There are 2 protein chains.
Amino acid sequence: MSSAVANEKAIDLLKALAEPIRLEIIESLSNGEKCVCDLMQETDLAQSKISFHLKVLKEAGVITDRQSGRWVYYKLDIRALKSLQNWIKKLRKGCLSEASSCE
Amino acid sequence: MSSAVANEKAIDLLKALAEPIRLEIIESLSNGEKCVCDLMQETDLAQSKISFHLKVLKEAGVITDRQSGRWVYYKLDIRALKSLQNWIKKLRKGCLSEASSCE
DNA sequence: TTAATACATCAATTCTTCTTGATGTATTAT
DNA sequence: ATAATACATCAAGAAGAATTGATGTATTAA
C-alpha cells in the first residue's frame with residue numbers, strides 16, 4: 001500500500017511552502033528566531049496576515065513558537081524540511097507508489 | 001537579492017505536488033510512461049479531471065508529453081524533482097534569504 | 001465518408017485559501 | 001486599576017483552484 005499518512009503530511013508541508021509570503025517568513029527565520037513584531041517590520045505586512053501564515057506554517061510543522069512575556073517567538077523546525085527532502089527522495093525513486101518494493 | 005525567479009518556479013513545483021490526485025498520477029508515472037486512458041483506468045477518475053491535473057503537472061515541469069497516434073503519453077521529467085530537492089537544500093541552509101552569502 | 005476513440009478545453013458551479021478590518025486575550029507598564 | 005503592547009482569532013468578502021458535464025479537435029477504424 002502507498003504510504004497515505006506520509007503523503008498527507010507531505011502535502012501539508014508542500015502547501016505550507018508553496019506561498020510567497022510564507023516563503024519570505026521562512027527565509028527570514030532562517031536567520032534566526034523572530035517575534036511577530038520583527039516579521040511585521042521586515043515584511044511590512046498586516047499583523048493578522050502574518051499571524052495567519054504563521055499558523056499555517058506551525059500546523060504543518062515548519063516552525064515552532066515560544067512565548068516570552070508578551071512576545072511570541074517563532075523559529076524553524078529543521079526536521080520539517082529534512083523529512084520533506086526524504087519524502088521527495090522516495091518519490092524520485094518511485095518508492096511511494098503502490099507497486100514499489102524499495103524495502 | 002533573494003532569488004525571486006527560482007522561488008516562483010519552486011512554488012509552481014510545490015503547488016503541483018501538493019495535491020492528492022496529482023501525487024497519485026506521479027506515483028503511477030514512476031512506474032513508467034502512461035497514456036491518459038491508462039491513468040483513467042488506474043485511478044477511476046473522469047477524463048477531464050485527469051487532463052486538468054496533467055496540465056498543471058506539465059506546466060510545472062513535472063511531466064512531459066508525447067503524442068503517438070491518438071494517444072498522448074505522459075512521463076515524469078526527473079529534472080523537476082531534482083531541482084526541487086536542490087532548492088529545498090538551499091532553503092535549509094538559509095541560502096535563499098536576502099542576507100545569505102552562500103557563495 | 002462516417003463512426004468511434006482519445007484527448008483537450010470550456011463555462012458554470014463549488015470548494016478552498018487568502019485578505020481585511022475588527023474584536024478578544026494575555027502581559028507588562030504606569 | 002488603567003492603559004498600552006503584542007499577538008490571536010474571527011466573520012465577511014475576494015481571489016484562486018478544483019470539479020462537472022458538455023463540446024471541440026485530431027486520429028484511426030470501418
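Quantities reported herein were computed from a predicted structural model and do not represent experimental measurements. In what follows, every chain begins at residue 1, and chains take the letters A, B, ... in the order their sequences are listed.
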Exercise. Where does C:dA3 fall, syn or anti, if syn means a chi angle no more than 90° from 0?
Worked result: syn
Problem set entry | Residue matched to C:dA3 through Watson-Crick or wobble contacts both under 3.5 angstrom | none
Exercise. On DNA chain C, nearest-nucleotide positions of A:Gly69 versus A:His53: which is more 5'?
Worked result: A:His53
Exercise. With sugar-phosphate meaning primed atoms plus P, OP1 and OP2, does B:Ile21 contact a base, only sugar-phosphate, or nothing at under 4.0 Å between heavy atoms?
Worked result: sugar-phosphate
Exercise. Take atom CZ in B:Arg79; do more than 12 heavy atoms of anything else shown fall under 6.0 Å from it?
Worked result: no
Seminar exercise, completed: Rounded to whole Å, NZ of B:Lys49 lies from P of C:dT14 at a distance of 15 Å
Exercise. Which one, D:dC10, C:dC18, D:dC7, comes nearest to the side chain of A:Ser48?
Worked result: D:dC10
Problem set entry | Residue pair B:Leu91 / A:Ser30, side-chain heavy-atom distance below 4.5 Å | no
Problem set entry | Euclidean distance, atom CD of residue B:Gln47 to atom C1' of C:dC10 [Å, nearest integer] | 13 Å
For this session: Rounded off to whole Å, could you give me the CD-to-C1' distance for the B:Gln41 and C:dA6 pair?
Result: 13 Å
Problem set entry | Interatomic distance, A:Arg66 CZ vs C:dT27 C1' [rounded to whole Å] | 15 Å
For this session: State whether A:Ser51 places a side-chain N or O below 4.0 Å from either non-bridging phosphate oxygen (OP1 or OP2) of D:dC7.
Result: no
Exercise. Whole Å only: how far is the CG atom of A:Leu45 from the P atom of C:dT19?
Worked result: 8 Å
For this session: Take atom CZ of A:Phe52 and atom P of D:dC7, then tell me their distance rounded to the nearest Å.
Result: 18 Å
Seminar exercise, completed: Closest of D:dA18, C:dC7, D:dC7 to the A:Cys35 side chain is D:dC7
For this session: For A:Tyr74, answer base if it contacts any base atom (sugar-phosphate contacts may also be present), sugar-phosphate if it contacts only those atoms, and nothing otherwise; contact means non-hydrogen atoms under 4.0 Å.
Result: sugar-phosphate
Problem set entry | Short side-chain N/O contact to C:dT17 OP1/OP2 from A:Lys15, under 4.0 Å | yes
Exercise. Among D:dA29, D:dC7, D:dA4, which is the nearest nucleotide to the side chain of A:Arg70?
Worked result: D:dA4
For this session: Test side-chain hydrogen bond (donor to acceptor under 3.5 Å, both in side chains) on A:Gln47 and A:Ser51 and set out the steps.
Result: CA-CA 6 Å; A:Gln47 180 261 314; A:Ser51 283; 3.1 Å; yes
Problem set entry | salt_bridge(B:Lys34, B:Glu42) N-O dist < 4.0 Å | yes
For this session: Find out whether B:Gln85 and A:Arg92 are in side-chain contact, i.e. whether some heavy atom of one side chain is under 4.5 Å from a heavy atom of the other.
Result: yes
Seminar exercise, completed: Among D:dT20, D:dT19, C:dC18, the one nearest any side-chain atom of A:Arg22 is C:dC18
Seminar exercise, completed: Here the distance between atom C1' of D:dA4 and atom CH2 of A:Trp71, to the nearest Å, is 11 Å
Exercise. For A:Lys58 and D:dT9, what is the distance between atoms NZ and P respectively, to the nearest whole Å?
Worked result: 8 Å
Exercise. Is there a donor N/O on one and an acceptor N/O on the other, under 3.5 Å, for the side chain of B:Gln67 and the base of D:dA26?
Worked result: no
